[in-house]
Amino acid sequence: MADTVFQKIIDREIDADIVYEDDHCLAFHDLNPQAPLHVLVIPKQPIPRLADATNNDGDLLGYLMLTARRVAADAGYADAFRLVVNNGEHAGQSVFHLHLHVLAGRAFGWPPG
Ligand code: 5GP
């Protein structure tokens with residue numbers, strides 16, 4: 001299967017505005033931001049969708065959330081941010097490499113659109 005755009009960002013084949021990286025994950029600004037802060041947190045392990053994660057991925061999934069919290073806090077939004085995971089085409093997923101959207105800096109409606 002062809003590499004996703006996020007795999008190409010991990011491999012430095014495509015540029016991204018990276019805000020955090022370690023052995024397990026990468027965080028970078030979304031190309032089409034939907035809020036003043038809109039960062040994507042992705043695992044380096046290429047899990048296509050949350051639905052494809054296994055029970056063995058629990059530590060990694062938790063780590064992604066802690067990283068998302070860190071990204072929000074580092075940007076000054078420790079107390080008001082939203083995390084979004086779109087799972088599957090019909091839920092709005094367009095890049096099939098698991099990612100958390102970290103959104104902050106404006107009011108968010110509920111229920112989400
Ligand atoms: P999804 O719709 O799969 O939940 O989210 C994919 C996100 O990736 C979208 O918000 C889109 O703007 C972002 N995106 C797509 N291609 C690129 C890219 O090449 N670079 C960056 N930084 N973001 C991208």
Side-chain angles (χ1 to χ4, degrees):
M1 207 163 76
D3 283 348
T4 66
V5 67
F6 291 173
Q7 187 62 50
K8 290 178 179 171
I9 289 172
I10 292 170
D11 295 338
R12 301 303 199 270
E13 293 172 16
I14 291 179
D15 282 340
D17 185 358
I18 293 169
V19 296
Y20 180 79
E21 180 172 21
D22 63 25
D23 289 345
H24 309 292
C25 68
L26 187 65
F28 51 89
H29 287 281
D30 196 291
L31 201 58
N32 183 23
Q34 302 301 313
L37 179 73
H38 187 173
V39 167
L40 303 170
V41 178
I42 69 172
K44 289 193 169 173
Q45 179 186 329
I47 300 169
R49 304 171 304 165
L50 182 57
D52 300 308
T54 71
N55 288 344
N56 292 333
D57 296 319
D59 285 351
L60 176 62
L61 297 177
Y63 189 70
L64 294 177
M65 290 192 76
L66 293 172
T67 302
R69 178 185 71 175
R70 173 188 185 141
V71 164
D74 287 352
Y77 297 109
D79 295 324
F81 60 89
R82 178 172 285 183
L83 302 185
V84 174
V85 177
N86 296 322
N87 182 87
E89 192 179 350
H90 295 299
Q93 186 174 4
S94 60
V95 178
F96 287 82
H97 182 124
L98 174 65
H99 49 283
L100 277 64
H101 295 259
V102 186
L103 299 145
R106 65 169 172 84
F108 296 105
W110 193 263

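For clarity, every value in this text was computed on a predicted model and none was experimentally measured.
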ask   = Under the 4.5 Å side-chain heavy-atom rule for ILVMFWY, direct or indirect, which residues accompany L31?
value =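 Its cluster partners, ordered by chain and number, are none at all.
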Check whether [X] and [Y] end up in the same hydrophobic cluster, where Ile, Leu, Val, Met, Phe, Trp and Tyr are linked by side-chain heavy atoms less than 4.5 Å apart.
X: I18; Y: I14; answer: yes
X: F28; Y: V95; answer: yes
X: M65; Y: F81; answer: yes
X: L64; Y: L83; answer: yes

query = Taking it one step at a time, do L98 and L61 satisfy side chain to side chain contact (heavy atoms under 4.5 Å, CB included)?
reply = CA-CA 10 Å; L98 174 65; L61 297 177; 3.6 Å; yes
From I9, I10, V5, residue fulfilling side chain to side chain contact (heavy atoms under 4.5 Å, CB included) relative to H97 =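 Filter result, single survivor: I10.
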request  = Could you tell me whether the side chain of W110 reaches within less than 4.5 Å of the side chain of R82, counting heavy atoms only?
outcome  =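 Result yes, sub-4.5 Å side-chain heavy-atom pair found.
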Please tabulate, for the side chains in residues 37-48, all donor-acceptor contacts under 3.5 angstrom to protein atoms that are two or more places apart in sequence or on a different chain.
{"residue": "H38", "atom": "ND1", "partner": "Q34", "partner atom": "N", "Å": "3.0"}
{"residue": "H38", "atom": "NE2", "partner": "D30", "partner atom": "OD2", "Å": "3.4"}
{"residue": "H38", "atom": "NE2", "partner": "H101", "partner atom": "ND1", "Å": "2.8"}
{"residue": "K44", "atom": "NZ", "partner": "E21", "partner atom": "OE2", "Å": "2.7"}
{"residue": "K44", "atom": "NZ", "partner": "D22", "partner atom": "O", "Å": "2.9"}
{"residue": "Q45", "atom": "NE2", "partner": "D57", "partner atom": "OD1", "Å": "3.3"}

message = A quick test of your reading: do over 12 heavy atoms of other residues, nucleotides or ligands sit less than 6.0 Å from CG of D17?
response =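 Result for CG/D17: enclosed.
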ask   = Just wondering, more than 12 heavy atoms not from D15 lying within 6.0 Å of its CG?
value =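 No, not enclosed.
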Which atom pairs, donor and acceptor, lie under 3.5 Å between side-chain atoms of residues 85-92 and protein residues at least two apart or in another chain?
{"residue": "N87", "atom": "OD1", "partner": "L50", "partner atom": "N", "Å": "3.1"}
{"residue": "N87", "atom": "OD1", "partner": "A51", "partner atom": "N", "Å": "2.9"}

key: Nearest atoms (heavy-atom pairs only) where A104 meets A35   =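 Answer, listing the atom of A104 first, then A35: O-CB, 3.5 Å.
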task = Mind listing the closest non-hydrogen atom pair of G105 and Y77 along with its distance?
result =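 Distance-wise, the nearest heavy atoms are CA-CE2, 3.4 Å.
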